2 protein chains.
Amino acid sequence: MRAVQQDIFGDADVLKLVERPDPVPLPTEILVRVKAAAINPVEAYIRSGAFPVLGQPPFILGWDVSGVVEGLEPGVNRFKIGDEVYGMPLFPRAANGYAEKVTGPSRHFAAKPRSLDHIHAAALPLVGLTAWQSLVDVAQVEAGQRVLIHAGAGGVGHVAVQIAKARGAYVITTASAAKLDFVRSLGADEVIDYRNVDFAEKVKGIDVVFETVGGETAERSLRTLKPGGLFVTIVDRRNAALAEKTRQAGLRFAGVAVEPDHHGLEELTRLVDEGKLKVHVAKTFPLEQVADAHRFLATKPKGKVVLIP
Amino acid sequence: MRAVQQDIFGDADVLKLVERPDPVPLPTEILVRVKAAAINPVEAYIRSGAFPVLGQPPFILGWDVSGVVEGLEPGVNRFKIGDEVYGMPLFPRAANGYAEKVTGPSRHFAAKPRSLDHIHAAALPLVGLTAWQSLVDVAQVEAGQRVLIHAGAGGVGHVAVQIAKARGAYVITTASAAKLDFVRSLGADEVIDYRNVDFAEKVKGIDVVFETVGGETAERSLRTLKPGGLFVTIVDRRNAALAEKTRQAGLRFAGVAVEPDHHGLEELTRLVDEGKLKVHVAKTFPLEQVADAHRFLATKPKGKVVLIP
């Protein structure tokens with residue numbers, strides 16, 4: 001099969017199209033013909049060597065895929081040949097997403113939403129589960145709560161706004177001026193042009209802050225929370241000083257690292273097929289233009305970047 | 001830490017106690033101080049080279065563990081330091097159970113049943129999830145159904161009998177004469193001394209057969225099923241001829257390979273703490289006597305064999 005491999009850490013140009021043997025599913029695993037594979041910002045950090053979670057190259061990057069079940073190790077009953085599935089298999093222990101075929105445990109996949117094509121389905125698992133596990137599994141956001149979501153036009157943010165709305169929360173989100181209409185269209189109740197307005201002055205009485213940006217945004221966010229409120233971050237999960245500061249302010253702190261979970265994926269499928277969750281794709285690239293795709297993602301486009309093998 | 005490693009395939013004597021660096025949890029993972037680790041028959045096949053799912057040695061065998069959370073990669077929220085957990089992490093891609101410490105994804109663990117000590121909790125994940133995924137996820141056993149479970153005194157069998165009973169099924173099981181009282185004590189409605197009675201003559205109108213033995217038991221079992229009945233096997237999942245024969249008889253076939261799943265583990269925890277599920281341990285061995293433990297398991301004892309690191 002064709003796959004994207006890197007032999008050294010470096011900039012986008014280290015990503016090379018190569019020919020590799022088809023992966024072989026182990027017991028419990030399925031083989032999926034990849035129809036689309038999404039790129040996530042974490043992969044740029046791994047590519048460069050800044051976050052060496054896959055060890056030393058050579059390796060294939062990528063997790064988010066949508067495709068068709070092409071092989072089943074006997075003993076798997078959750079799918080049959082020809083089923084359309086999506087998922088983020090093997091995150092973060094191994095990766096094999098930027099390729100024509102992937103394997104992974106059956107419970108790292110779920111049925112693709114019927115109402116999405118593969119391009120949009122591939123864009124959902126990592127950002128969708130990140131938002132779901134942060135807002136539902138950890139924060140247990142419920143109807144009537146006030147939730148502040150940073151970067152509501154971002155990959156995780158735009159899904160988070162919709163999940164929080166589907167849970168019945170009152171959602172406030174930040175975006176740059178050019179993206180305010182976009183985040184309003186997602187259902188946000190209040191939108192803040194963060195470059196022109198200090199959100200920490202304007203927003204108070206928040207039950208849950210969902211922080212996807214990092215830097216000084218995190219500390220300022222603490223001032224928006226009501227006593228006992230919850231600060232959830234996917235950026236600063238290792239920031240012990242911030243965690244301590246949060247607790248000393250009478251607030252709660254939770255860092256979140258996304259983990260594959262078919263139950264969460266099934267909840268996302270349900271929300272999508274009920275019309276409550278859309279995923280936005282900025283641009284697609286053929287697999288061989290993966291380096292261009294990485295460079296494009298670095299421009300922080302509005303929506304996800306997807307490879308077509 | 002101390003761990004059991006094998007450097008070559010072979011008999012029980014290849015299992016050697018060694019000193020190894022502590023494992024390091026990746027994002028999404030926890031580090032568990034192992035209080036007890038169970039041995040499963042599959043590990044004898046892997047040890048000998050008959051089922052090389054872990055590739056070539058050297059490797060550490062073992063999956064079933066119960067212990068105490070000693071480390072948390074920031075971003076994990078399902079547990080905190082000091083929590084008592086059990087699971088079968090990383091099955092079957094990697095193994096690290098016969099050791100003083102293990103790491104694995106947080107969703108490969110669940111809270112240990114409060115009513116079990118670590119020895120009994122360690123004995124449950126692999127056999128418990130095998131039975132749960134076979135009878136509940138796949139067969140969807142429900143109240144009033146007639147279920148035939150082979151080897152009801154075995155590791156998987158004795159848990160399966162109790163799960164089927166908890167679901168409200170009428171449970172028929174096979175055992176040797178010396179173990180009939182044991183399987184009755186698990187709640188089986190009918191017990192068959194399979195060496196003296198041909199179960200296929202005696203038992204009819206079965207909705208679900210759960211086959212854990214293999215060989216000629218499988219084919220004879222087909223005669224007990226009612227039209228459209230389901231034959232579930234954990235032994236013959238790759239037996240295409242048997243699958244075809246089952247379908248030609250107007251029956252359904254499902255092979256099952258167990259897969260880590262925290263939701264299933266949580267259901268097992270609930271059943272145990274409600275007093276509906278007990279796990280039987282035949283004998284414990286200190287970690288350094290792992291070779292003796294493997295030899296003892298080969299005698300097919302009544303109950304599980306557990307290592308104490």
Side-chain angles (χ1 to χ4, degrees), chain A residues 24-30 42 46 51-55 72-78 80 88-94 103-109 129-130 133-134 137-140 230 232-240 242-243 252-264 266, chain B residues 24-30 42 46 51-55 72-78 80 88-94 103-109 129-130 133-134 137-140 230 232-240 242-243 252-264 266:
Chain A
V24 178
L26 294 178
T28 78
E29 296 189 348
I30 61 176
V42 66
I46 299 170
F51 180 50
V53 71
L54 292 174
L72 282 171
E73 171 69 11
V76 172
N77 295 275
R78 301 185 62 246
K80 58 184 191 307
M88 44 179 286
L90 300 173
F91 182 90
R93 279 221 162 223
T103 55
S106 85
R107 284 175 172 79
H108 286 188
F109 294 91
L129 284 180
T130 299
Q133 291 172 8
S134 298
D137 290 351
V138 172
Q140 300 178 289
L230 176 63
V232 182
T233 174
I234 58 170
V235 182
D236 281 306
R237 63 185 172 82
R238 290 185 155 281
N239 189 335
L242 180 63
R252 291 172 297 140
F253 178 94
V256 172
V258 64
E259 186 175 343
D261 181 26
H262 72 284
H263 294 267
E266 288 160 1
Chain B
V24 178
L26 295 178
T28 79
E29 297 188 348
I30 61 176
V42 67
I46 299 169
F51 181 50
V53 72
L54 293 175
L72 282 170
E73 171 69 12
V76 172
N77 296 275
R78 301 185 61 246
K80 59 184 191 306
M88 44 179 285
L90 300 172
F91 182 90
R93 279 219 163 225
T103 54
S106 86
R107 283 174 173 79
H108 285 188
F109 294 91
L129 284 180
T130 299
Q133 290 172 9
S134 298
D137 290 352
V138 172
Q140 300 178 287
L230 176 63
V232 182
T233 175
I234 57 170
V235 183
D236 282 305
R237 64 186 171 80
R238 289 184 154 281
N239 190 336
L242 180 63
R252 291 172 296 139
F253 179 94
V256 172
V258 64
E259 186 175 344
D261 181 27
H262 72 285
H263 294 267
E266 287 160 0

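Computed from a prediction, not measured in an experiment: that's the story for all the values here. Naming: A, B, ... by sequence-line order, numbering from 1 per chain.
- Considering NE2 of His263(A) and NE2 of His262(B), their distance stands at 6.0 Å, rounded to 0.5 Å.
- Between atom CD of residue Glu259(B) and atom CG of residue Asn77(A) there is a gap of 10.5 Å, rounded to the nearest 0.5 Å.
- Heavy atoms closer than 4.5 Å to chain B are found in the side chain of Phe51(A), but not in its backbone.
- Chain A forms more heavy-atom pairs under 4.5 Å with one residue of Leu90(B), Thr233(B), Ile234(B) than with any other, namely Leu90(B).
- Considering only heavy-atom pairs separated by less than 4.5 Å from chain B, the leading option among Pro260(A), Pro105(A), Ser106(A) is Ser106(A).
- Using a 4.5 Å cut-off on side-chain heavy atoms (C-beta onward), Asp137(B) and Arg107(A) make contact.
- Closest approach of Pro74(A) and Ala257(B) over heavy atoms only: O-CB, 4.5 Å.
- Summarising the geometry of Pro92(A) relative to Pro27(B), their closest heavy-atom pair is CG-O, 3.3 Å, with the distance given to 0.1 Å.
- With sequence neighbours excluded, the residues satisfying salt bridge (Lys or Arg N to Asp or Glu O under 4.0 Å) with Arg238(A) are Glu73(B).
- Of the two parts of Val256(A), the backbone and the side chain both hold a non-hydrogen atom closer than 4.5 Å to a non-hydrogen atom of chain B.
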